[in-house]
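Take a look at the structure below.
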Protein chains: 2
Amino acid sequence: MTTHKVAANGKERTRKNDPVRVQADIMRVATREFSEKGLSGARIDEIAEKTKTSKRMIYYYFKDKETLYLKALERSYQQVRQQEGELELDHLEPIQALSKLVAFTFEHHIKNPDFIRMVMIENIHHGRFIEQSELIQSLNAGAVDELQKVYRRGLETGQFRPGLEALELHWLISALSFFNVSNRYTFSRIFNWDQNAASNQEKLASHVIDMVLRYVVKPELMAD
Amino acid sequence: MTTHKVAANGKERTRKNDPVRVQADIMRVATREFSEKGLSGARIDEIAEKTKTSKRMIYYYFKDKETLYLKALERSYQQVRQQEGELELDHLEPIQALSKLVAFTFEHHIKNPDFIRMVMIENIHHGRFIEQSELIQSLNAGAVDELQKVYRRGLETGQFRPGLEALELHWLISALSFFNVSNRYTFSRIFNWDQNAASNQEKLASHVIDMVLRYVVKPELMAD
DNA sequence: GACTGAACGTACCATTTCGTACATTATGAA
DNA sequence: TTCATAATGTACGAAATGGTACGTTCAGTC
């Protein structure tokens with residue numbers, strides 16, 4: 001008696017154990033499902049179906065639905081952070097560096113709608129899961145550093161207004177970038193305005209960049 | 001044989017028909033539940049329990065869960081619009097009028113977290129329900145008008161920069177006001193910063209107002 | 001008072017959904 | 001080879017959940 005079976009379709013079928021692949025597969029599908037439908041809206045059975053493995057494996061590796069959700073949330077944060085890479089702002093003038101930083105942040109949000117949705121969902125849950133995750137906090141701790149550096153340089157050259165805090169600046173930039181993705185549907189519908197259209201996205205991007213610059217740069221350096 | 005019964009607790013119990021009250025009761029509870037847990041997270045049985053009436057009545061008046069959700073969404077929009085009342089900006093200088101408008105919008109969002117949550121949830125659903133609602137669209141059509149008026153007046157006095165559009169300005173103000181409520185939990189957690197604290201809320205409010213003013217008002221009129 | 005349609009209560013059903021029991025196979029160590 | 005443990009497949013169970021069948025009561029009209 002050999003250890004392999006013959007499947008219904010006639011192909012030889014030998015089970016391979018590949019824990020890493022199986023877990024990655026589950027995470028991939030789970031992240032998409034949770035991001036699309038939320039914690040309560042996503043269905044374990046549906047996640048299992050879209051996986052190459054079975055529901056059994058989900059519970060084997062991830063214990064229960066909430067743990068799976070938390071892992072998916074962590075994965076989302078990890079992925080966007082990894083994508084960020086290096087901006088290389090140090091060789092730019094402070095104003096241009098800030099401009100580039102804002103432009104990048106705005107674009108980065110646009111490119112990661114699934115991540116935005118996960119964050120929205122998590123906020124609906126009052127941040128109950130992110131609270132438990134030390135991983136996520138540690139990931140994001142240094143997110144303000146680059147902005148901090150640019151701002152300090154701008155202060156030294158005398159181009160930036162003093163008295164601002166990097167964290168609060170980051171908050172402003174995040175708000176504008178986040179809202180652009182998170183509230184597309186309702187805003188477009190209410191004002192009968194296709195926010196998604198490329199031309200309008202460009203407009204918004206330049207508005208946002210301009211707005212931040214005008215807030216940080218000394219007014220006398222800004223042309224009307 | 002009379003038409004009334006005696007309940008178990010001994011009190012006389014005569015059923016009163018009060019359709020308006022019953023519907024209002026259901027709507028009140030449903031709105032809170034959906035806002036708290038989302039469409040898929042909210043439970044009809046739980047809504048029914050928290051109501052003075054029964055599950056039967058929910059289906060009697062609202063057909064099914066999705067219809068109930070849509071009605072709750074519409075109610076949310078209606079309520080916030082009603083609260084807005086009159087700002088009476090016409091007698092103010094353009095700069096002060098704009099300042100007051102932004103301050104009010106920011107505050108108004110803070111006062112209506114349930115509404116914010118409903119909008120977040122609706123965006124998670126890709127705006128599938130708001131699309132069906134002509135009521136909501138009609139409600140919000142004139143939301144930009146006041147801003148429009150102020151901006152025009154500022155142009156006339158020469159205090160505002162030309163070339164901006166009221167809708168896009170409204171978008172910027174909304175983004176900052178909305179994000180302040182919608183992303184509290186994740187932002188606070190990630191940056192270990194109590195965004196909710198009164199002192200920080202005040203800071204953010206003045207940042208937002210200042211930021212909008214610096215964007216709209218001609219730079220030479222802004223002191224450092 | 002008789003009649004009618006709207007308003008309401010109770011109990012129930014069918015399905016969905018999270019989670020698990022149980023058996024089997026793979027894989028590396030001794 | 002043997003053995004232990006990790007990995008996997010199949011089938012199923014119990015509770016939750018959206019929705020309904022069926023009957024009763026209220027309130028206005030003639």
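Heavy-atom basis, side chains included; hydrogens, waters and symmetry copies ignored. Just so it is clear: chains get the letters A, B, ... in the order the sequence lines come, proteins before strands, and each one is counted from 1.
- Taking the side chain as every heavy atom from C-beta outward, I130(A) and Y185(B) never approach each other to under 4.5 Å.
- Protein atom CD of Q23(B) is 12 Å distant from nucleotide atom C1' of dA6(C), rounded to whole Å.
- Ranking dG9(D), dG18(D), dC8(C) by closeness to the K65(B) side chain, first place goes to dG18(D).
- Under a cut-off of 6.0 angstrom, the local environment of NZ in K37(A) is crowded, with over 12 non-hydrogen atoms contributed by other residues, nucleotides or ligands.
- Rounded to an integer number of Å, the gap from CZ of R56(B) to P of dT17(D) is 21 Å.
- Spacing between atom CD1 of I47(B) and atom P of dG19(D) amounts to 11 Å, rounded to whole angstrom units.
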Enumerate the protein-to-nucleotides 13-16 of chain C contacts in which both atoms are nitrogen or oxygen and the separation is below 3.5 Å.
none

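- End-to-end axis angle of the helix from dG1(C)-dC30(D) to dA30(C)-dT1(D), from C1' rotation axes over five pairs per end: 0° (rounded to 10 degrees).
- Note: CZ (F62(A)) to P (dG19(C)) measures 14 Å, nearest angstrom.
- Atom pair Y60(A):OH and dA23(C):C1' shows a separation of 14 Å (rounding to whole Å applied).
- Within a 6.0 Å radius of CZ in R152(A), no more than 12 heavy atoms belonging to other residues, nucleotides or ligands are found.
- Note on T53(B): every side-chain N or O is 4.0 Å or more away from OP1 and OP2 of dC8(C).
- Among the protein residues, A48(B) comes within range of no part of the nucleic acid, since none of its heavy atoms lies under 4.0 Å from any strand.
- Residue D18(A) contributes atom CG, which lies 7 Å from atom P of dT8(D) at whole-angstrom precision.
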